[in-house]
Structure formats: C-alpha cells, structure tokens
Amino acid sequence: QVQLVESGGGLVQAGDSLRLSCAASGHTFSSYNMAWFRQAPGKEREFVAAITWRMANTYYASSVKGRFTISRDNAKNTVSLQMNSLQPEDTAVYYCARGGVGNIYYTSQRYDYWGQGTQVTVSS
C-alpha cells in the first residue's frame, strides 16, 4: 500500500534552517504531484508547497515563498522541503501528501495519501 514517511523535524531557533524529507513507497512515485502541508495547534491544515511530477513547476504559500524550497528525487522516491529563516509562526506539524497527476491544488481534500507528520518547533 501507499506509504509516506516524513523525517527531519525538530526544535530550532528563529532564523535557523531545517530540511524535511518524505520517503514514499507502494506506488509509482514519479507519476504523482507531491505537496507539503502544515497544521498548527488550533488551526486548520494549510498548504505550504507543491511540486509537479515532472519537477517542472513548484508552488508556494505566500507565507513561505522565498524561504522554503520544495524538491524531489524520483530515483529515490523522496520529496524534500528546505526551510530557511524559520520563524515562530512556522511552528506546526508538517505533512507530506500525494496529489494527482494534473493540476496542483491548495486544499487538503485534493490529496489522497498522507504521512504521519513531523513536528517543527521554532523558538523566538
């Protein structure tokens, strides 16, 4: 079955960097768009970044654009999120999600498989 496993979260200070990774298995990874979402306590899950299956296009939430970079390695079945200049408002559980093969969507309902999440905490 499809599995997505995130890693790389942790506790950092404002201004630091972290790199999250998501290892995928159980499907033809290279055929699907992939995305990262996050959910802070008491808030709805929100879109962070996405990358198309051909790696031709990337998409970012305005709150992270210029600080975060999404990438993927189809040979290794991984998608990563490089997060620079982290701020306390970036504190959340970060989730990797599998999308479709067409358009990129910004709502979680359009993604069918999810990882268990990895906690990112940024202290001020």
Side-chain angles (χ1 to χ4, degrees):
Q1 72 274 21
V2 177
Q3 283 194 315
L4 302 173
V5 180
E6 302 97 336
S7 61
L11 171 63
V12 298
Q13 293 187 331
D16 286 350
S17 298
L18 272 178
R19 185 176 181 88
L20 306 182
S21 292
C22 172
S25 61
H27 69 289
T28 307
F29 176 77
S30 59
S31 297
Y32 294 87
N33 301 330
M34 297 296 295
W36 287 94
F37 283 74
R38 67 186 181 186
Q39 188 166 19
K43 294 188 176 181
E44 292 187 356
R45 193 167 296 190
E46 65 174 0
F47 172 85
V48 175
I51 186 167
T52 55
W53 64 277
R54 287 183 174 176
M55 298 179 282
N57 298 99
T58 56
Y59 303 80
Y60 297 94
S62 57
S63 58
V64 307
K65 198 168 188 177
R67 300 187 297 124
F68 291 12
T69 302
I70 188 171
S71 61
R72 66 190 293 166
D73 186 334
N74 286 342
K76 296 183 178 179
N77 289 356
T78 59
V79 58
S80 299
L81 186 68
Q82 177 66 42
M83 306 185 295
N84 298 330
S85 302
L86 283 162
Q87 299 301 315
E89 51 266 34
D90 295 316
T91 295
V93 177
Y94 283 72
Y95 297 90
C96 169
R98 190 185 81 167
V101 298
N103 295 335
I104 289 290
Y105 296 98
Y106 299 93
T107 56
S108 60
Q109 291 85 350
R110 290 286 191 167
Y111 293 80
D112 57 358
Y113 287 95
W114 295 79
Q116 82 289 350
T118 185
Q119 176 70 48
V120 172
T121 303
V122 185
S123 63
S124 56

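Keep in mind that the numbers below use all heavy atoms, side chains included, and drop hydrogens, waters and symmetry copies.
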Problem set entry | cation_pi(Arg45, Tyr111) dist<6.0 Å, angle<=45 |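 Not satisfied by the 6.0 Å and 45° rule.
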Contacts of type side-chain hydrogen bond (donor to acceptor under 3.5 Å, both in side chains), residue [X], not counting sequence neighbours:
X: Ser123; value: none
X: Asp90; value: Arg38, Arg67
X: Asn84; value: Ser17, Gln82

Supply the atom-to-atom distance [X] [atom1] to [Y] [atom2], rounded to the nearest 0.5 angstrom.
X: Ser25; Y: Gln1; atom1: OG; atom2: CD; result: 7.5 Å
X: Gln116; Y: Leu4; atom1: CD; atom2: CG; result: 9.0 Å
X: Asn77; Y: Ser30; atom1: CG; atom2: OG; result: 7.5 Å
X: Thr121; Y: Leu11; atom1: OG1; atom2: CG; result: 6.0 Å
X: Met34; Y: Ile104; atom1: CE; atom2: CD1; result: 10.5 Å
X: Gln119; Y: Gln39; atom1: CD; atom2: CD; result: 11.0 Å

Exercise. With side chains defined as the heavy atoms from C-beta onward, is the minimum distance between Leu20 and Glu6 less than 4.5 Å?
Worked result: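 A side-chain contact is absent here, since even the closest heavy-atom pair is not under 4.5 Å.
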Exercise. Taking the side chain as C-beta and beyond, is there a heavy-atom pair between Trp53 and Arg72 under 4.5 Å?
Worked result: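 Trp53 vs Arg72: side chains touch.
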For this session: Determine whether the aromatic ring centres of Trp36 and Phe68 lie less than 6.0 Å apart.
Result: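 Ring-ring flag for Trp36/Phe68: false, centres at least 6.0 Å apart.
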Problem set entry | Tyr60: partners by ring pair (Phe, Tyr, Trp, His ring centres under 6.0 Å), with sequence neighbours left out |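 Once residues adjacent in sequence are excluded, Tyr60 has no partner under the ring pair (Phe, Tyr, Trp, His ring centres under 6.0 Å) criterion.
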Exercise. For residues 88-107, which residue pairs qualify under ring pair (Phe, Tyr, Trp, His ring centres under 6.0 Å), counting only residues two or more places apart or in two chains?
Worked result: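 Applying ring pair (Phe, Tyr, Trp, His ring centres under 6.0 Å) to every pair that reaches into residues 88-107, excluding sequence neighbours, yields Phe47-Tyr106.
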For this session: Decide if atom CZ of Arg54 counts as having more than 12 heavy atoms of other residues, nucleotides or ligands within a radius under 6.0 Å.
Result: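 Check fails, neighbour count at 12 or below.
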Exercise. Could you give all pairs that pass the salt bridge (charged side-chain N to carboxylate O under 4.0 Å, His left out) test and reach residues 25-37, with sequence neighbours left out?
Worked result: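 Applying salt bridge (charged side-chain N to carboxylate O under 4.0 Å, His left out) to every pair that reaches into residues 25-37, excluding sequence neighbours, yields nothing.
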Problem set entry | Among Asn33, Thr52, Ile51, the one residue meeting side-chain contact (heavy atoms from CB on, under 4.5 Å) with Asn57 |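 Among the candidates, only Thr52 passes.
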